[in-house]
Amino acid sequence: MSKFIDYVSTFLKALDLLPDFNSQTGIFCAMAWIATLIALLLFGISFIADLGDGDADAFGWGGFVASNHGCSVLAAIGIGLLIGLIMFLLVAVLMRFINGLKCDGTLQYSTLVGMTGTVYVTLPPNGEPGGQVQVNHPGQLLTMQAVQYGDKPLPAQTRVVVVDATSQLLTVRPFTAEDLHNHNTTKQ
């Protein structure tokens, strides 16, 4: 284990990424490492819970780089704050975008009214239960319980139009020549 620590220490010294607490650069470097370790810890924990973000480490690294390039303490703090703010804004914009991608996915049964479908299981006459209809709703084929109020049963494969819809039941009527005419004129 001590060989690994020596190797990492040598590597960080070679990249000039070890803090020297006798300079402002070293203080920013220490802040950057502390914030980075906390961010990594929060990243690991985020798989279990939703915690934190990485704006503090952006501030530390921004101040470190500015200080390492000869900026004064105030300039390094200002640059660190600016970079931290930019990172905060980028995260906020990204989160807003991600939130905008949400989709409820709940079927609004009222959208089925007016759609055409096909009888799947014969619909008994006079509103008796027992029949089923398939409706091709955008993105999914729905098979639902249905009734019709005609005086003759509607056999399987009969085209129908949905006139009412709830989560439990569709009310349909036979598809007519007028429906075909209306369907063709709305397509043009």
Using a 4.5 Å cut-off on heavy atoms from C-beta on, say whether the side chain of [Y] contacts that of [X].
X    : Y    : value
L94  : I98  : yes
L112 : M144 : yes
M115 : P138 : yes

[X] side, atom [atom1]; [Y] side, atom [atom2] - distance, nearest 0.5 Å:
X    : Y    : atom1 : atom2 : value
T143 : Q134 : OG1   : CD    : 3.5 Å
E128 : Q148 : CD    : CD    : 9.5 Å
T118 : F175 : OG1   : CZ    : 10.0 Å
Y109 : Q168 : OH    : CD    : 8.0 Å

Which atom pair, heavy atoms only, marks the closest approach of [X] to [Y]?
X    : Y    : answer
Y149 : N126 : CD2-C, 4.0 Å
I79  : C71  : CD1-SG, 4.0 Å
P129 : V147 : CA-CG1, 4.2 Å
P153 : T122 : CB-CG2, 4.0 Å
A66  : A76  : CB-CA, 4.0 Å
V65  : H69  : O-ND1, 2.8 Å

[X] and [Y]: same hydrophobic cluster, using ILVMFWY side-chain contacts below 4.5 Å?
X    : Y    : result
V121 : V133 : no
V113 : L169 : no
L154 : Y120 : no

### Task
For S72, enumerate each residue passing the side-chain hydrogen bond (donor to acceptor under 3.5 Å, both in side chains) test, keeping only those at least two apart in sequence or located in another chain.
none
### side-chain contact (heavy atoms from CB on, under 4.5 Å) partner of L170, chosen from V160, V163, V135, L123
V135
